[in-house]
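All chains are named by letter (A, B, ...) in the order of the sequence lines, taking the proteins before the strands, and each is independently numbered beginning at 1. In this text the structure is predicted, and so the values were computed from the model without any measurement. Note that these values count all heavy atoms, side chains included, but never hydrogens, waters or copies made by symmetry.
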Amino acid sequence: MPELPEVETVVRSLKSLKNKKIVRIKYYSEKVAYNFQISKINKILKGRTFKSISRKGKYIIFNLKEKYLICHLRMTGYLYLSKTLPIKKNHIRCIFLLDDNQFLIFGDIRKFGGFYLYNNLNELNSKIGIDPFNIMFTESWLENNLSTKKRMIKHLLLDQKFICGLGNIYIDEILWKTQVSPKTLSHSITSSKNLYNSILSILNDSIKFHGTTIMNFKFGMGLGIMKTKIISKQYLI
DNA sequence: CCCGATGTTCGATT
DNA sequence: AAATCGAACATCGG
């Protein structure tokens, strides 16, 4: 479900985690840990304080002083803060108890989402490409990097190692707005300036609408604004 | 009831 | 280098 605007919305809704301390963590699924043993999570994270909450592409980054906890929502993951425990917990995968008695709750219907644990951001940074909101992402960056590749533009934009954060829905919107066919080969695109502007304007507009896509996207306790965007299905693959 | 599709990513294979 | 496929999993709709 979530692409960059949804993930950005989640990150903003979690900003109040800053300076909160982890009391303990309870997990309900072994699968929530991608690159470490979930049984060690308390030993590693208990007592740590959230220094900052940010994101790169679709990855949510919790800076926990010397440790980075990275969350990816994949298709159906969700993450929210709550003063109470969920009533139905069949999709709940992991709960963090915080020192202000709030809970950080991670749920995921399809169990694709989960957490990475790193000592620094080197691995994440080498795994994925530039974020569209990075200061280095410019018109000329895009023009140069399109010209050196010979791939269908939709597939290229889908590639997180190229630009991170874009997915099926927003790429469709972006290409429609630019009036570029998704099958256009990247090196033959003459309107890279327009494409660049479309990427940023679609993402910015979508973040303003709380990152709502085709489906109703919920955030917080599910009480968030839910709108349905009109999308250009012509380009969906 | 069964089959196919669903916003993501990864790895193997051509 | 680029494209294709299948897998991870659960749910929903035709």
Side-chain angles (χ1 to χ4, degrees), chain A residues 1-11 27-36 38 55-61 70-79 86 88-94 106-116 118 123-129 131-132 144-176 181-189 199 202-203 206-207 209-219 222 224 226-237:
Chain A
M1 164 174 45
E3 299 181 34
L4 190 155
E6 290 79 17
V7 176
E8 176 64 24
T9 302
V10 173
V11 166
Y27 55 88
Y28 302 84
S29 162
E30 303 285 323
K31 286 204 63 188
V32 291
Y34 288 126
N35 74 333
F36 62 99
I38 191 65
R55 61 147 198 91
K56 179 170 179 182
K58 303 170 191 169
Y59 292 79
I60 299 167
I61 303 170
I70 314 269
C71 181
H72 198 300
L73 271 17
R74 286 298 222 280
M75 299 283 269
T76 51
Y78 53 96
L79 206 48
K88 282 192 66 171
K89 64 176 178 62
N90 51 331
H91 295 144
I92 301 301
R93 308 297 174 204
C94 191
F106 173 67
D108 187 355
I109 299 168
R110 287 171 74 177
K111 294 183 183 169
F112 292 166
F115 295 89
Y116 300 86
Y118 294 121
E123 207 168 319
L124 179 68
N125 284 331
S126 59
K127 186 163 77 166
I128 58 178
D131 187 278
N144 294 338
N145 285 278
L146 288 180
S147 64
T148 55
K149 294 181 172 57
K150 223 174 154 172
R151 296 174 63 182
M152 288 192 288
I153 188 61
K154 173 131 192 183
H155 293 323
L156 182 57
L157 293 178
L158 233 19
D159 187 345
Q160 305 296 297
K161 281 196 278 303
F162 182 58
I163 298 170
C164 63
L166 304 177
N168 203 21
I169 303 293
Y170 291 104
I171 291 169
D172 185 63
E173 285 292 327
I174 288 160
L175 293 177
W176 179 254
S181 161
K183 293 182 178 174
T184 311
L185 266 8
S186 49
H187 73 292
S188 69
I189 286 183
I199 290 172
I202 292 281
L203 291 178
S206 301
I207 291 169
F209 282 102
H210 298 285
T212 48
T213 51
I214 301 178
M215 303 265 294
N216 292 330
F217 171 66
K218 290 185 250 181
F219 65 97
M226 290 192 262
K227 288 186 177 174
T228 303
K229 271 192 76 184
I230 297 163
I231 67 149
S232 320
K233 286 207 170 193
Q234 289 88 338
Y235 285 173
L236 278 176
I237 56 171

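Listed by chain and number, the residues in a side-chain hydrogen bond (donor to acceptor under 3.5 Å, both in side chains) with A:Asn35 amount to none (sequence neighbours excluded). The side-chain hydrogen bond (donor to acceptor under 3.5 Å, both in side chains) test applied to A:Asp131 returns A:Arg55, not counting sequence neighbours. For the ring pair (Phe, Tyr, Trp, His ring centres under 6.0 Å) test, residues two or more places apart in sequence or in another chain that qualify with A:His72 are A:Tyr59. By the side-chain hydrogen bond (donor to acceptor under 3.5 Å, both in side chains) test, A:Gln160 is found to be paired with no residue, residues two or more places apart in sequence or in another chain being considered. A search for ring pair (Phe, Tyr, Trp, His ring centres under 6.0 Å) contacts involving A:Tyr34 returns A:Tyr116, not counting sequence neighbours. Residues satisfying the side chain to side chain contact (heavy atoms under 4.5 Å, CB included) test with A:Lys89, not counting sequence neighbours, are A:Tyr28, A:Ile92. Residues passing the ring pair (Phe, Tyr, Trp, His ring centres under 6.0 Å) test with A:Phe112, sequence neighbours excluded: none. In terms of the salt bridge (Lys or Arg N to Asp or Glu O under 4.0 Å) criterion, residue partners of A:Arg151 (sequence neighbours excluded) are, by chain and number, A:Asp159. For A:Tyr27, there are no ring pair (Phe, Tyr, Trp, His ring centres under 6.0 Å) partners at least two apart in sequence or on another chain.
The side chain of A:Gln160 contributes no N or O atom lying less than 4.0 Å from OP1 or OP2 of B:dT8. For A:His72, a side-chain nitrogen or oxygen approaches OP1 or OP2 of B:dT9 to under 4.0 Å. The phosphate of B:dC10 has OP1 or OP2 within less than 4.0 Å of a side-chain N or O from A:Lys127.
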Summarise protein proximity over nucleotides 1-14 of chain C in one line of letters, 5' to 3': B for base, S for sugar-phosphate only, - for none, counting protein heavy atoms closer than 4.0 Å. -SS----BBBS---

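Spacing between C:dG13 and B:dG7 at atom P, rounded to whole Å, works out to 15 Å. For the P atom pair drawn from C:dC9 and B:dC1, the interatomic distance equals 23 Å after rounding to whole Å. To the nearest whole angstrom, the two P atoms, one in C:dC5 and one in B:dG4, are 15 Å apart.
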Does A:Leu166 form a side chain to side chain contact (heavy atoms under 4.5 Å, CB included) with A:Leu203? I'd like the steps, not just the answer. CA-CA 9 Å; A:Leu166 304 177; A:Leu203 291 178; 4.0 Å; yes

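In DNA chain C, consecutive stretches of 3 or more Watson-Crick or G-U wobble pairs with both distances under 3.5 Å are given as paired ranges: B:2-6 with C:10-14, B:8-14 with C:2-8.
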Check the interface with nucleotides 11-14 of chain B: list each N/O to N/O pair with the protein under 3.5 Å, or write none.
none

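Atoms OH (A:Tyr59) and P (B:dC10) sit 4 Å apart, rounded to a whole Å. Spacing between atom OH of A:Tyr170 and atom C1' of B:dT8 amounts to 15 Å, rounded to whole angstrom units.
Without hydrogens or angle criteria, A:Thr76 side chain to A:Arg110 main chain gives a donor-acceptor distance under 3.5 Å.
Within 4.0 Å (heavy atoms only), A:Lys161 reaches no atom of the nucleic acid at all. In this structure, A:Tyr34 reaches neither bases nor backbone, as no heavy-atom distance under 4.0 Å exists between it and the strands shown.
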